[in-house]
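Worksheet for the structure shown next.
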Amino acid sequence: MKRPPMLMHMRVEGHGRAFGLWLPLFLMLPLALVALILLCPLILVTTAILWPSGWGRRAWLTLRASVDMFCAMRGLSIDVHSGRQSMSVSVV
Amino acid sequence: MSDNKKKILEMLAKNKISADDAYRLLSAIDGGEGRREGAGRAETAVNSRAKYLRVTVLPNPESERSGSYDRVNIRVPMSLIRAGIKLTSLIPSEARDKVNLALHEKGIDFDARNMKPEDIEELIGALSDLEVDVVSKNGESVKVFVE
């Protein structure tokens, strides 16, 4: 499994002001794990109820694909400069 | 030799199937293995080659000096594109029909249902050869490439 991104850096600049933010995603991972453990019974029951209709499997696969997408975000970088405004997002 | 091939040859030896049937079955097995190996090789080649899709819009030097210009620099990991394409396979069939219909109306005959994992790798492999370089009249340059 791929490693999830550790940090996200955002920077917005314009009208003589600049705002930068480092988001420590690695600190959110334990919180997400706790939330997942707490919600685990609810997720399992919902999946079991929806499984015969096919939506349970789809929901399960979507959850997995979303985690894959989150892990694949490592290395994403967006830098847009327009006029005197600029915005950049990078995931490390 | 794989177990399946052995079984086919045993069936041929016991006259359970004809030589033509045996040939057809062996060809099918070879074709399947070849495709799997090919897809694996393509995936390895793509993984080792292309890492990011880059989109850049660079201004002309004059407007850059004046300070009023547009500049875009986007780097998208290929793994994110791969994950995104895989996510499309989870679109519910009802929604997918609507998407296909809307694409058909725009003249694009594309059915997301026919998308297989090996097709995704082939698509990303084809992206690695992509290079778009456009320079506009006012000197702005747009580049799309893979690195």
Side-chain angles (χ1 to χ4, degrees), chain A residues 1-18 20 23 25 29 32 43 46-47 49-92, chain B residues 43 46-47 49-97 112-113 115-117 120-121 124 127 138 140-147:
Chain A
M1 194 181 160
K2 284 174 193 162
R3 278 194 303 154
M6 295 285 118
L7 293 164
M8 182 188 256
H9 181 232
M10 293 168 74
R11 187 172 171 82
V12 182
E13 220 175 309
H15 308 293
R17 288 180 185 176
L23 279 173
L25 297 176
L29 291 175
I43 292 168
T46 314
T47 309
I49 291 167
L50 293 174
W51 199 268
S53 65
W55 281 96
R57 187 174 174 272
R58 195 180 293 275
W60 193 251
L61 290 173
T62 306
L63 187 71
R64 205 179 130 184
S66 306
V67 172
D68 280 349
M69 269 199 80
F70 177 70
C71 292
M73 278 177 73
R74 205 182 171 95
L76 176 73
S77 168
I78 299 167
D79 185 9
V80 181
H81 184 108
S82 178
R84 301 200 179 278
Q85 293 179 312
S86 72
M87 189 273 290
S88 75
V89 177
S90 56
V91 182
V92 187
Chain B
E43 189 172 355
V46 169
N47 285 344
R49 271 164 58 198
K51 274 196 152 186
Y52 300 105
L53 176 73
R54 290 283 304 270
V55 180
T56 59
V57 179
L58 299 170
N60 65 349
E62 284 173 25
S63 60
E64 198 168 1
R65 272 194 292 275
S66 69
S68 176
Y69 60 91
D70 293 338
R71 190 184 63 212
V72 177
N73 191 358
I74 298 173
R75 188 181 69 180
V76 185
M78 293 307 259
S79 53
L80 185 60
I81 296 173
R82 197 175 283 122
I85 295 173
K86 278 180 186 167
L87 202 60
T88 59
S89 63
L90 297 170
I91 298 171
S93 55
E94 301 85 16
R96 209 177 299 162
D97 289 341
R113 273 174 295 200
M115 204 75 165
K116 295 181 190 105
I120 295 170
E121 291 307 326
I124 291 170
L127 270 179
N138 55 9
E140 279 183 340
S141 153
V142 179
K143 285 184 183 175
V144 181
F145 58 97
V146 168
E147 61 178 20

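Just so we're on the same page: letters track the sequence lines, and every chain starts at 1.
Pairing each heavy atom of A:Met69 with each of B:Leu80, the nearest pair is O-CD1, 3.6 Å. For A:Met73 against B:Pro77, the heavy-atom pair with the smallest separation is O-CG, 4.3 Å.
Considering only residues two or more places apart in sequence or on other chains, A:Arg11 meets the salt bridge (charged side-chain N to carboxylate O under 4.0 Å, His left out) condition with A:Glu13. For B:Arg54, the salt bridge (charged side-chain N to carboxylate O under 4.0 Å, His left out) partners at least two apart in sequence or on another chain are B:Glu147.
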Hey, can you pull the donor-acceptor pairs under 3.5 Å for the side chains in residues 78-90 of chain A, sequence neighbours left out?
unit_1	atom_1	unit_2	atom_2	d
A:His81	NE2	A:Gly83	O	3.0
A:Ser82	OG	B:Asp70	OD1	3.0
A:Gln85	NE2	A:His15	NE2	3.0

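Of all residues spanning residues 55-62 of chain A, those with a heavy atom less than 4.5 Å away from chain B's heavy atoms are A:Trp55, A:Arg58, A:Leu61, A:Thr62, arranged by number.
For A:Arg74, the part lying near chain B is the backbone, with the side chain staying farther off; criterion is any non-hydrogen pair under 4.5 Å. Interface remark: B:Tyr52 contributes side-chain atoms only to the contact with chain A (heavy atom separation under 4.5 Å).
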